[in-house]
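Here the structure comes first, spelled out in structure tokens, and everything after it is commentary.
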Amino acid sequence: MKPMNENELAQAIKSAGKPLRIVGGGTRQALGNDVDGGVKLSTAGLTGITLLEPAALTLVVRAGTPLRDVTAALDAENLQLPFEPMDHRELLKSWGDTTIGGVAACNISGPRRIQAGACRDSMIGVRFVDGAGNIVKNGGRVMKNVTGYDLVKLMGGSMGTLGVISELSFKVQPKPERQATITIHGLSDAEGVRVLSRALGSPNDVTGAAFLDGTGFVRIEGLSKSVAFRTDALKTIFKDHEVSVMDNDLDAWRGIANADAIAGDDGSIWRVSVKPTDGPKLVQGLRDAGIAVNAQYDWGGGLVYLSLPDDLNLRDHMDGISGYASVLRGNGGGAMRITSQNKLTAQIEKQMRARFDPRGILNTGIMG
Amino acid sequence: MQMPIPNADVLSKKAHIIRRLLDVLPPEAVISEPNETRAYECDALTAYRCPPMLAVLPDSTPQVSDILRICFEEGVPVVPRGSGTSLAGGAMPTADSVVLGVAKMNDVLETDYENRIIRVQSGRTNLSVSGAVEEEDFFYAPDPSSQLACAIAGNIGMNSGGAHCLKYGVTTNNLLGVTMVMMDGEVAEIGGAHLDAPGLDLLGVICGSEGQLGVVTEATLRILHKPVAARPVLMAFDENEVAGACVADIIKAGVLPVAIEFMDRLCIEATENFAHAGYPDAEALLIVEVEGSEIEIEEQLEKIIAIAKRHDPVELRESKSDEESAKIWLGRKSAFGAVGQIGDYMCLDGTIPVSELPYVLRRIGELSDEYGLQVGNVFHAGDGNMHPLILFDANKPGDLELCEKMGAEVLRLCVEVGGCLTGEHGVGIEKRDLMFDQYNPDDIEAQLFVKDVFDPKWLLNAAKVFPLSATETRRNAS
Ligand SMILES: Cc1cc2nc3c(=O)[nH]c(=O)nc-3n(C[C@H](O)[C@H](O)[C@H](O)COP(=O)(O)OP(=O)(O)OC[C@H]3O[C@@H](n4cnc5c(N)ncnc54)[C@H](O)[C@@H]3O)c2cc1C
């Protein structure tokens with residue numbers, strides 16, 4: 001099924017006799033748990049930018065619009081999505097055209113998440129069709145809005161289980177005039193995260209903080225003189241280390257966003273969200289246990305991508321670590337790919353899905 | 001203001017409920033004498049008052065859990081309360097309710113500079129959260145003007161903002177996790193010190209739910225290093241529209257000030273008489289503040305001033321010292337108080353797309369003439385969050401009603417141009433009955449689903465946020 005507008009979408013859901021599997025561009029179908037069968041419902045017909053207002057930094061766009069088109073339209077106005085969504089195709093070995101709706105439904109963010117917030121933080125309005133076929137709107141196109149409950153956040157990352165998103169509003173931002181990356185070399189994982197913490201805990205407004213292959217990457221963005229000044233400030237902070245500076249290195253950050261460092265590895269790929277200082281602790285624990293592990297850290301250490309042996313369930317090794325792990329690729333020791341935070345939240349989530357999707361037809365099972 | 005008829009059954013077992021509460025709380029934590037419950041009869045929306053049946057002041061999460069379990073079993077409505085500074089009546093009780101105040105719960109539980117978080121009990125005031133990390137030059141970014149008094153609990157309840165949220169975001173963008181007691185007494189841990197929580201974004205919908213989903217007892221908040229310095233520039237214009245156009249141009253230019261504040265003539269004059277900030281005689285003024293080191297401040301101000309000059313300002317005043325900066329902010333910060341000196345006022349909170357500022361300001365002026373009520377405008381212009389202050393005379397019969405009627409028209413205007421009823425103060429009882437102007441029944445129903453899940457008996461602050469007609473069946477079913 002491929003509805004061409006919101007009313008057709010509502011009709012399709014209302015009259016659905018069987019469970020539906022919702023597909024945008026199909027590049028992230030591997031995220032989440034297996035969906036039990038289902039008729040494919042494509043959002044690819046719901047395309048187009050309905051509003052792009054540079055003076056208000058707002059974008060309204062239909063959910064099936066390819067991210068590529070969104071980026072091109074923003075480029076033309078020298079704007080960007082603040083949350084720098086990652087591209088999963090390399091990692092998941094998928095292909096196709098990512099849609100903006102898929103980005104929102106999976107709350108996909110990239111390195112700038114530590115400073116500008118996640119995808120859900122830039123979402124300011126949503127229209128969706130719930131499981132009963134009702135069209136619902138929440139939020140709008142203004143940056144500050146506390147009128148009623150914030151279902152916009154709830155829809156961000158709901159993976160199609162509460163409703164099929166038809167349109168989204170985003171807060172966008174001007175592209176920075178300049179970008180610089182300070183790289184700090186020759187560090188252990190724990191030292192690496194400590195270095196990132198120092199950068200993030202300084203007044204230099206860091207917009208990217210990653211660690212891989214013994215090297216810390218610290219990004220700053222903004223007006224030219226300001227970037228030059230902060231580059232010097234960070235070089236001073238790290239004067240005891242071996243430091244170099246890269247200018248406007250967009251490719252390096254693309255690679256970090258997309259977890260290129262581990263995308264080619266064999267075995268299972270895990271994504272772990274932790275308290276930054278727990279990142280290296282987790283990895284060290286695995287190494288100490290003699291487990292083969294490759295890691296890339298982003299978000300100052302708080303986001304760790306790991307490649308691990310296929311038969312290993314990482315959750316069995318998370319004692320004393322605050323955070324959670326999900327399987328992106330591979331068997332992951334047979335673990336559920338994603339779960340809820342705890343028993344009580346699982347119960348709340350289940351009831352929430354039952355309320356929004358009483359027939360249980362929207363991406364059933366994907367979130368557990 | 002219409003409120004649901006108090007539940008006679010609940011009122012009749014007041015003594016029994018007190019006894020049960022005293023089983024789990026020390027005597028001083030249960031307030032039942034009418035002369036004492038009166039202290040909780042309203043929040044900062046003082047036009048509406050109603051003393052609660054009881055007020056309780058727990059000092060721990062387990063106590064909150066006990067209280068809620070008892071109220072759940074007895075079917076007693078509960079109104080969560082932080083510091084009671086809501087401007088929307090969010091913390092106003094009903095006559096059959098127990099007000100659950102978290103003011104005693106104000107400990108700092110953990111500060112962690114390496115991971116840039118602080119965990120506090122929710123009764124802690126906003127300013128004292130920053131105070132707790134000041135020694136390391138850190139701060140908690142959301143800064144409502146009421147920050148000296150308001151609690152993190154209420155900030156989460158209302159998803160509060162502040163002058164500097166143009167850069168740092170509002171509460172929801174700075175909240176990482178909560179401990180929240182559900183109406184049945186179960187304690188939920190949602191989110192934590194890590195950035196992404198698994199599963200549905202429950203934290204996102206809890207923030208801004210106005211005390212209707214659970215009682216937040218602890219919060220994990222993001223803290224940041226303070227900027228090196230900040231400096232405002234004041235610019236005055238002889239037309240509101242021109243000031244509005246200047247705001248749009250600054251935003252488009254790619255400089256991101258931390259604040260852009262707007263004041264119109266009425267507010268300028270009122271604050272001059274009240275606080276003597278030395279503001280110029282003008283129709284409108286903007287305060288634009290930037291942050292950073294000296295070089296960064298200069299670089300940003302250079303761009304901003306160049307933009308301002310294109311709009312022929314009648315005055316441009318760049319602060320040259322901390323003293324001058326304080327003076328520039330003095331007027332803005334005392335604006336509400338100053339307008340209060342002229343008379344009673346109602347403070348609106350609608351948000352509009354920034355591009356609509358000139359049109360909306362003109363329409364508000366026309367409505368002011370039509371209704372014969374003066375209006376002052378002072379607001380966060382960078383994000384379109386307006387605060388029209390409509391003046392009225394509380395002693396003049398019918399004036400409050402007239403003012404409310406005009407307020408409703410202004411808010412409808414905000415919705416009409418693509419904005420919303422409230423940008424940071426919340427719906428409460430004040431804007432409850434306008435919800436259908438922004439949302440249709442299906443939109444509202446989806447929001448009610450969320451409440452059904454968290455509070456199936458509809459006991460938590462249930463007379464707020466939604467028109468009573470929309471929730472009647474649910475409230476009566478319990
Ligand atoms: C002079 C003045 C200036 C202000 N300036 C601003 C401003 O700049 N920006 C802004 O956003 N607001 C502002 N406000 C409004 C108000 O201060 C905020 O809404 C504030 O967050 C309320 O906090 P509080 O602790 O007083 O909450 P309360 O008024 O006690 O409660 C607010 C809401 O939160 C709920 N709540 C309270 N505690 C809990 C809890 N533990 N768990 C769950 N829900 C709870 C209540 O039920 C209620 O719905 C201002 C108010 C005044 C009087």
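Every chain is numbered from 1, with letters handed out A, B, ... down the list of sequences. No experiment lies behind these values; they were computed from the predicted model shown.
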Quiz item: Taking all atoms of both residues into account, what is the closest heavy-atom pair of B:A446 and A:L151, and its distance?
Solution: CB-CD1, 3.9 Å
Exercise. Please examine the side chains of B:P456 and A:Q351, heavy atoms only from C-beta on, and report whether any two atoms are closer than 4.5 Å.
Key: no
Quiz item: Does atom CD of B:E136 have more than 12 heavy-atom neighbours, drawn from other residues, nucleotides or ligands, at distances under 6.0 Å?
Solution: yes
Quiz item: Given a strict heavy-atom distance threshold of 4.5 Å, which part of B:Y439 is in contact with chain A: side chain, backbone, both, or neither?
Solution: both
Quiz prompt | Nearest-0.5 Å distance that lies between atom CG in B:D196 and atom CG in A:L303 | solution = 7.5 Å
Quiz item: For A:T161, is it the side chain, the backbone, both or neither that has a heavy atom under 4.5 Å from a heavy atom of chain B?
Solution: side chain
Quiz item: Any side-chain heavy atom of B:D383 sitting closer than 4.5 Å to one from A:V142?
Solution: no
Practice problem: Can you tell which part of B:R222 gets under 4.5 Å to a heavy atom of chain A, answering side chain, backbone, both or neither? | Solution: side chain
Quiz item: Would B:T172 and A:K153 count as a side chain to side chain contact (heavy atoms under 4.5 Å, CB included) if you check the C-alpha gap in whole Å, the side-chain angles of each, and the deciding distance to 0.1 Å?
Solution: CA-CA 9 Å; B:T172 192; A:K153 299 279 181 305; 3.8 Å; yes
Quiz prompt | Residue B:V228 versus chain A: region with a heavy atom under 4.5 Å | solution = both
Quiz item: Heavy atoms, side chains only, cut-off 4.5 Å: are A:R141 and B:P353 in contact?
Solution: yes
Quiz prompt | Test item: A:Y149 side-chain N/O and B:L448 main-chain N/O as donor-acceptor pair under 3.5 Å | solution = no
Quiz item: Can you check salt bridge (Lys or Arg N to Asp or Glu O under 4.0 Å) on B:D442 and A:K137, steps first, answer last?
Solution: CA-CA 8 Å; B:D442 283 340; A:K137 73 163 179 299; over 6 Å; no
Quiz prompt | Close side-chain approach of A:E53 and B:K252, heavy atoms under 4.5 Å | solution = no
Practice problem: Ignoring hydrogens and angles, tell me if any N or O in the side chain of B:D452 forms a donor-acceptor pair with the backbone of A:R355 under 3.5 Å. | Solution: no
Practice problem: Answer with side chain, backbone, both or neither: which region of B:I295 has an atom nearer than 4.5 Å to a non-hydrogen atom of chain A? | Solution: side chain
Quiz item: Which value, rounded to the nearest 0.5 Å, describes the distance between B:Q438 atom CD and A:T147 atom OG1?
Solution: 4.0 Å
Quiz prompt | Contacting moiety of B:L213, where chain A heavy atoms sit under 4.5 Å | solution = side chain
Quiz prompt | Heavy-atom pair of closest approach, residues B:V187 and A:L344 | solution = O-CD2, 3.5 Å
Quiz item: Going by heavy atoms in the side chains, are A:N138 and B:D443 under 4.5 Å from each other?
Solution: no
Quiz item: By a 4.5 Å heavy-atom criterion (distance strictly below it), what part of B:M158 contacts chain A: side chain, backbone, both, or neither?
Solution: backbone
Quiz prompt | B:E210 versus chain A, the contacting section by heavy-atom distance below 4.5 Å | solution = side chain
Quiz item: Side chain, backbone, both or neither: which part of B:Y168 has a non-hydrogen atom closer than 4.5 Å to chain A?
Solution: neither
Quiz item: Under the side chain to side chain donor-acceptor pair (under 3.5 Å) criterion, do A:K144 and B:N385 qualify, and how do the steps go?
Solution: CA-CA 7 Å; A:K144 273 171 83 182; B:N385 188 189; 3.0 Å; yes
Quiz prompt | Interchain contact, B:V255 with chain A, by part (heavy-atom threshold 4.5 Å) | solution = side chain
Self-check item: Per-residue contact mode, B:E356 against chain A (heavy atom under 4.5 angstrom)
Solution: neither
Practice problem: Show your reasoning for whether salt bridge (Lys or Arg N to Asp or Glu O under 4.0 Å) applies to A:E177 and B:K303. | Solution: CA-CA 13 Å; A:E177 197 172 280; B:K303 292 203 182 225; 3.0 Å; yes
Exercise. Quick one: pull up CG in A:N134 and CD in B:E445 and give me the separation to the nearest 0.5 Å.
Key: 8.5 Å
Self-check item: Which atoms of B:K431 approach chain A - backbone, side chain, both or neither, heavy atom under 4.5 Å
Solution: neither
Self-check item: For chain B, the option from A:P174, A:S109, A:S224, A:P203 that forms the most heavy-atom pairs under 4.5 Å
Solution: A:P203
Practice problem: For the residue pair A:N342 and B:E189, establish whether any side-chain heavy-atom pair is separated by less than 4.5 Å. | Solution: yes
Quiz prompt | Nearest-0.5 Å distance, CD1 of residue A:I348 to CD1 of residue B:I206 | solution = 7.0 Å
Exercise. Could you tell me whether the side chain of B:E299 and the main chain of A:K225 form a donor-acceptor pair under 3.5 Å?
Key: yes
Self-check item: Heavy-atom contact with chain A under 4.5 Å, split by part of B:H425
Solution: backbone
Quiz item: Are A:R230 and B:E296 close enough, and set up right, to give a salt bridge (Lys or Arg N to Asp or Glu O under 4.0 Å), and what steps lead you there?
Solution: CA-CA 9 Å; A:R230 285 180 286 152; B:E296 299 178 273; 3.1 Å; yes
Self-check item: 4.5 Å side-chain heavy-atom contact, B:L195 and A:I114
Solution: yes
Quiz item: Given the options A:A56, A:P276, A:A233, which has more heavy-atom pairs under 4.5 Å with chain B than any of the others?
Solution: A:P276
Practice problem: Under 4.5 Å heavy-atom distance to chain A, tell me which part of B:E294 shows up: side chain, backbone, both or neither. | Solution: neither
Quiz item: Can you tell me how far SG of B:C414 sits from CG of A:N145, rounded to the nearest 0.5 angstrom?
Solution: 11.0 Å
Quiz item: So which of A:G201, A:G140, A:G117 has the largest heavy-atom pair count under 4.5 angstrom toward chain B?
Solution: A:G201
Exercise. Measure the shortest side-chain to side-chain distance between B:D201 and A:R120 over non-hydrogen atoms and say whether it is less than 4.5 angstrom.
Key: yes
Quiz prompt | Point-to-point distance, once rounded to the nearest 0.5 Å, from CG of B:L200 to CG of A:L162 | solution = 5.0 Å
Self-check item: Side chain, backbone, both or neither of B:V205 within contact of chain A (heavy atoms, under 4.5 Å)
Solution: both
Quiz item: Is it true that a side-chain atom of A:Q341 and a backbone atom of B:G199 form a donor plus acceptor pair closer than 3.5 Å?
Solution: no
